[in-house]
Undergrad: 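I'd like to ask you about the structure that follows.
Excluded from the calculations below are hydrogen atoms, water molecules and symmetry mates; all remaining heavy atoms, backbone and side chain alike, are included. Throughout, a chain's letter reflects where its sequence line sits, starting with A, and its residues are numbered from 1. Just so you know, these numbers come straight off a predicted model, no measurement behind them.
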Protein chains: 2
Amino acid sequence: MPPYDPSTFPPFAVTVDLVVLTVRRHALCALVVRRGETPFQGRWALPGGFVRTDEDLGSAAARELAEETGLCAHDPAKPAVGNGAHLEQLATYGDPARDPRMRVVSVAHLALAPDLPAPRAGGDANSARWAPVEDLLRPGTGREGEPATPLAFDHARILADGVERARSKIEYSSLATAFCPPEFTVGELRRVYEAVWGVVLDPRNFHRKVTGTPGFLVPSGGTTTRQGGRPAQLFRAGAATVLNPPMLRPEV
Amino acid sequence: MPPYDPSTFPPFAVTVDLVVLTVRRHALCALVVRRGETPFQGRWALPGGFVRTDEDLGSAAARELAEETGLCAHDPAKPAVGNGAHLEQLATYGDPARDPRMRVVSVAHLALAPDLPAPRAGGDANSARWAPVEDLLRPGTGREGEPATPLAFDHARILADGVERARSKIEYSSLATAFCPPEFTVGELRRVYEAVWGVVLDPRNFHRKVTGTPGFLVPSGGTTTRQGGRPAQLFRAGAATVLNPPMLRPEV
DNA sequence: GTGTTTATCGTCAGGCAGACGACTATGATC
DNA sequence: GATCATAGTCGTCTGCCTGACGATAAACAC
């Protein structure tokens with residue numbers, strides 16, 4: 001290894017990009033912001049920014065998340081509580097051509113949050129929105145929403161990786177509760193799985209599975225809320241973080 | 001996002017570090033190299049180096065892997081063949097204090113390889129070796145080998161993350177075959193699982209599981225080899241990359 | 001009250017895994 | 001060559017989990 005004289009290694013810009021997912025109106029949605037500058041001016045992109053000099057990668061991601069959404073990321077070790085979101089590192093993207101201006105390495109992070117009122121990107125409500133990932137990843141179809149154009153940079157790929165991570169991770173972990181408010185019903189949790197996976201699950205088998213897994217859900221005493229029919233029991237996330245045996249996605 | 005004037009963002013050094021795992025003598029081993037310079041001079045570390053200006057992260061990892069071991073990483077999409085190793089991105093480490101000299105962000109990669117004769121680190125055989133991960137991660141016990149001191153930098157953490165990734169990934173993927181030569185027996189594959197997980201598996205149930213999973217193993221025609229007892233059938237890795245249902249690690 | 005919606009409990013059959021018996025085919029040892 | 005040790009391979013049995021689905025319960029809209 002050569003010595004660390006700055007003239008002997010190429011300098012890189014390091015950024016964090018965020019895949020922030022939530023479930024809104026039965027659909028898995030991601031937070032996107034509109035780019036104000038070239039390149040990709042006017043296109044939608046994932047939120048992100050430079051890592052500061054004395055900042056850890058996870059801290060930079062948490063800071064960006066707070067700036068964009070007001071969410072406070074919390075330690076994955078501690079149980080989800082309050083207005084906190086799950087935040088984890090996703091992957092790092094460093095293709096030399098991914099940014100036409102210069103060499104940028106982006107450490108992408110994945111954040112899962114309960115349904116939020118509305119994003120706020122630096123006060124400009126028009127420049128940030130929740131968009132169904134289905135629309136973002138299948139561009140050109142141009143539905144009612146705006147993102148008929150693909151995401152800027154390699155953000156479509158990053159988003160796809162984040163979505164796939166979320167889809168697979170709720171199989172064998174209790175992470176789906178990160179999409180729920182602190183108290184939720186089994187039906188609400190089931191609708192999270194259905195939205196993330198894009199499938200329909202049997203309510204009876206789902207109920208048996210989640211209530212039968214020790215440590216997954218703990219009854220919160222509060223016994224009811226309404227969403228239409230018979231009142232349901234309220235739960236909060238338990239201490240268990242892994243699901244064993246896992247909740248398997250239905251086959252293709 | 002500010003414009004990309006180099007004076008407006010802090011420059012980082014970006015490196016790739018490699019967690020190269022193999023199975024030798026019934027033990028999961030990692031490749032470590034001895035550091036020739038300060039800091040951590042004389043300590044063992046994971047192999048790695050700077051990412052070059054026009055090089056993708058995966059290419060940099062593949063290049064380092066070839067330099068250290070002569071292995072040729074191949075595309076995970078294609079089936080394992082020849083002298084190729086599995087290579088995938090692991091995680092990125094960017095604590096501001098992880099390198100005392102300057103700000104270095106390291107994109108760690110995980111490589112899995114069949115048992116190799118001997119590492120060669122720039123021709124210096126003394127400066128690279130395979131060490132059981134058990135010894136590397138539980139330092140201070142100072143057994144017969146040398147690594148009584150912990151690994152340099154945050155490499156113990158990186159190695160631990162890589163080992164955990166490998167341990168969990170062979171559960172639900174066919175990745176364990178990456179530790180085997182092109183042709184192998186069911187018993188050899190079972191010993192891979194036993195070494196990586198540090199458990200003992202029932203040969204009969206294991207045989208039923210792996211031969212019963214479609215696409216996992218394909219008989220290579222060649223019917224026998226010897227390792228002691230009755231000759232065993234030879235297989236090569238099949239096209240399946242995911243194991244469904246997974247092969248579950250025995251409980252604690 | 002009737003119908004609709006959602007929640008929750010039960011039942012049943014099939015698949016899979018762990019425990020383990022039995023048999024086979026080789027080399028090693030006497 | 002008989003015996004033993006070692007591995008590989010095939011079966012059996014039992015218990016758990018899941019998917020399919022019937023049935024009941026508790027709210028709301030008429």
Undergrad: Go through the N and O atoms of the side chain of A/Arg230 and the base of C/dA7, and report whether any donor-acceptor pair is under 3.5 Å.
TA: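 Result: at least one qualifying N/O pair found.
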Undergrad: Can you tell whether the side chains of A/Asp161 and A/Arg157 come within less than 4.0 Å, N to carboxylate O?
TA: yes
Undergrad: With nearest nucleotide decided by heavy atoms, which residue, A/Pro245 or B/Leu234, maps closer to the 5′ end of DNA chain D?
TA: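 That would be B/Leu234.
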Undergrad: Establish whether the base of C/dG10 is bridged to the side chain of A/Arg208 by a donor-acceptor pair shorter than 3.5 Å.
TA: no
Undergrad: OP1 or OP2 of C/dC16 versus the side-chain N and O atoms of B/Lys209: is any pair under 4.0 Å?
TA: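 For B/Lys209, the contact criterion (side-chain N or O under 4.0 Å from OP1 or OP2 of C/dC16) is not met.
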Undergrad: For B/Leu217 and D/dT9, give me the distance from atom CG to atom C1', rounded to whole Å.
TA: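 Distance check: B/Leu217 CG to D/dT9 C1' gives 14 Å.
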Undergrad: Not counting sequence neighbours, which residues clear side-chain contact (heavy atoms from CB on, under 4.5 Å) with A/Val242? List them please.
TA: none
Undergrad: Output the rounded distance in Å from CG (A/Leu189) to C1' (C/dA7).
TA: 14 Å
Undergrad: Using whole Å, what does the distance between atom P of nucleotide C/dC16 and atom CG of A/Leu248 come to?
TA: 12 Å
Undergrad: Could you walk me through whether B/Trp197 and B/Met247 pass side-chain contact (heavy atoms from CB on, under 4.5 Å), step by step?
TA: CA-CA 12 Å; B/Trp197 285 344; B/Met247 167 122 45; 3.8 Å; yes
Undergrad: Would you find a donor on one side and an acceptor on the other, under 3.5 Å apart, between the side chain of A/Glu171 and the backbone of A/Arg249?
TA: yes
Undergrad: In whole angstrom, give the distance that lies between atom CG of A/Asn244 and atom C1' of D/dT18.
TA: 15 Å
Undergrad: Assuming nearest nucleotide by heavy-atom distance, tell me which of B/Pro231 and B/Met247 is located more 5' along DNA chain C.
TA: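 That would be B/Met247.
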Undergrad: For B/Ser106 and B/Asp17, test the side chains for any donor-to-acceptor distance below 3.5 angstrom and give the result as yes or no.
TA: yes
Undergrad: Heavy-atom contacts under 4.0 Å between residues 194-207 of chain A and DNA chain D, which residues?
TA: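 Output list: A/Asp202, A/Arg204, A/Asn205.
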Undergrad: Looking just at side-chain N and O atoms, do A/Ser220 and A/Glu183 make a donor-acceptor pair shorter than 3.5 Å?
TA: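 Present: a donor and an acceptor within the cut-off.
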Undergrad: Measure from OH on B/Tyr172 to C1' on C/dA17 and round the result to the nearest Å.
TA: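 Rounding to the nearest Å, OH of B/Tyr172 and C1' of C/dA17 are 21 Å apart.
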Undergrad: Indicate yes or no: at least one non-hydrogen side-chain atom of A/Leu234 is less than 4.5 angstrom from one of A/Thr185.
TA: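 Yes, their side chains come closer than 4.5 Å.
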Undergrad: Are B/Arg191 and D/dG8 close enough that a side-chain N or O sits under 4.0 Å from OP1 or OP2?
TA: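 Affirmative; the distance criterion is met.
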Undergrad: Measure the distance from CG on B/Leu243 to C1' on C/dA17 and round it to the nearest whole Å.
TA: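 The answer, rounded to whole Å, is 14 Å.
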